[in-house]
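Here is the structure we will look at.
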Amino acid sequence: MKSFPFVIGLCLLLSTPKLKGQSQTIESDVRTYFNLLSSQKIEEALDMVHPQLLAMLGKETFVAQYRQMFNTPGMSMSMDEFKINSISPVFNHSEHEYALVSYAFAMTFKVDLSNDKEGQLKSLLLSNYQKQFGKENVKFQQPDSYRIAIKREMFAVNAKDYSTWKVLDFEEGMKVIISTFIPDAVFTHFKK
């Protein structure tokens, strides 16, 4: 019976490098996804999104939305300051591996305000962004930019036939959709 704690200790010691390796791989894949997206390599970034979400909503729909977001007349958008705050230990379920990734980034919307002499558009956009992202997360930067700090969570999902960890942004409003292919056990495990 004295050897039982030794066996557990040995198992923990031997599994630590694998866990650290998984975390580094997840971090690398999530960074790659963000870098592709912020570089507007939309199709390549979408190859890293969970395939069932793409199949459900259509890759073309995502491409169109991102292109519209990056190419709205009179407005430009950029993303930067990407930071991973935490990566949970991996949870194995039904031949898939899941991790919860907490991350943050900044979006900057540069808007053509040259015809906004009275500042109405400037005020309207500021109010809308503050409602959508929280007042404390939105700053107006003279002369024409809105800087938005965003904090989110995503699932990183892996399976034997995936070439990378697949990303799946998690927002409470999306739970109904993603629960069609993410098992309840995953939400329960991560308390979501």
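Computed from a prediction, not measured in an experiment: that's the story for all the values here.
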Determine, for Glu43 against Arg67, whether the closest basic-nitrogen to carboxylate-oxygen distance falls under 4.0 angstrom.
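Arg67 and Glu43: salt-bridged.
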Does Asp47 come within less than 4.0 Å of Lys41, counting only side-chain N to carboxylate O?
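Between Lys41 and Asp47 there is no salt bridge, as every charged N stays at least 4.0 Å from the carboxylate O atoms.
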Note, [X] side chain near [Y] side chain (heavy atom, < 4.5 Å):
X      : Y      : answer
Tyr98  : His96  : yes
Asn92  : Val90  : yes
Ile148 : Phe109 : yes
Met48  : Leu36  : yes

Parallel, tilted or perpendicular: rings of Phe34 and Phe105 (30°, 60°):
tilted
Work out which heavy atom in Ile42 is nearest to a heavy atom in Val63; give both atom names and the distance.
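Closest approach of Ile42 to Val63: CG2-CA, 4.0 Å.
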State, to 0.1 Å, how close Ile177 and Thr180 come at their nearest heavy-atom pair, and which atoms those are.
O-OG1, 2.7 Å
Where at least one partner belongs to residues 49-79, residue pairs that pass ring-ring contact (aromatic ring centres under 6.0 Å, His included), sequence neighbours excluded:
His50-Phe181
Side chains of residues 123-143: which donor-acceptor pairs under 3.5 Å do they make with residues two or more places apart or in other chains?
{"unit_1": "Ser123", "atom_1": "OG", "unit_2": "Gly119", "atom_2": "O", "d": "3.1"}
{"unit_1": "Asn137", "atom_1": "ND2", "unit_2": "Phe133", "atom_2": "O", "d": "2.7"}
{"unit_1": "Lys139", "atom_1": "NZ", "unit_2": "Glu136", "atom_2": "O", "d": "3.2"}

Any luck finding a side-chain donor-acceptor pair between Asp169 and Tyr103 under 3.5 Å?
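Asp169 vs Tyr103: donor-acceptor pair found between side chains.
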Kindly say whether the aromatic ring centers of Phe155 and Phe170 come within a distance under 6.0 Å.
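Close enough - the centres of the two rings lie under 6.0 Å apart.
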With salt bridge (charged side-chain N to carboxylate O under 4.0 Å, His left out) as the rule and sequence neighbours excluded, what pairs involving residues 75-89 come up?
Asp80-Arg147, Glu81-Arg147
Could you tell me whether a side-chain N or O of Ser145 sits under 3.5 Å from a main-chain N or O of Lys110, the two making a donor and an acceptor?
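No, Ser145 side chain to Lys110 backbone: no donor-acceptor pair under 3.5 Å.
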Would you say Asn158's side chain and Glu97's backbone share a donor-acceptor pair under 3.5 angstrom?
no
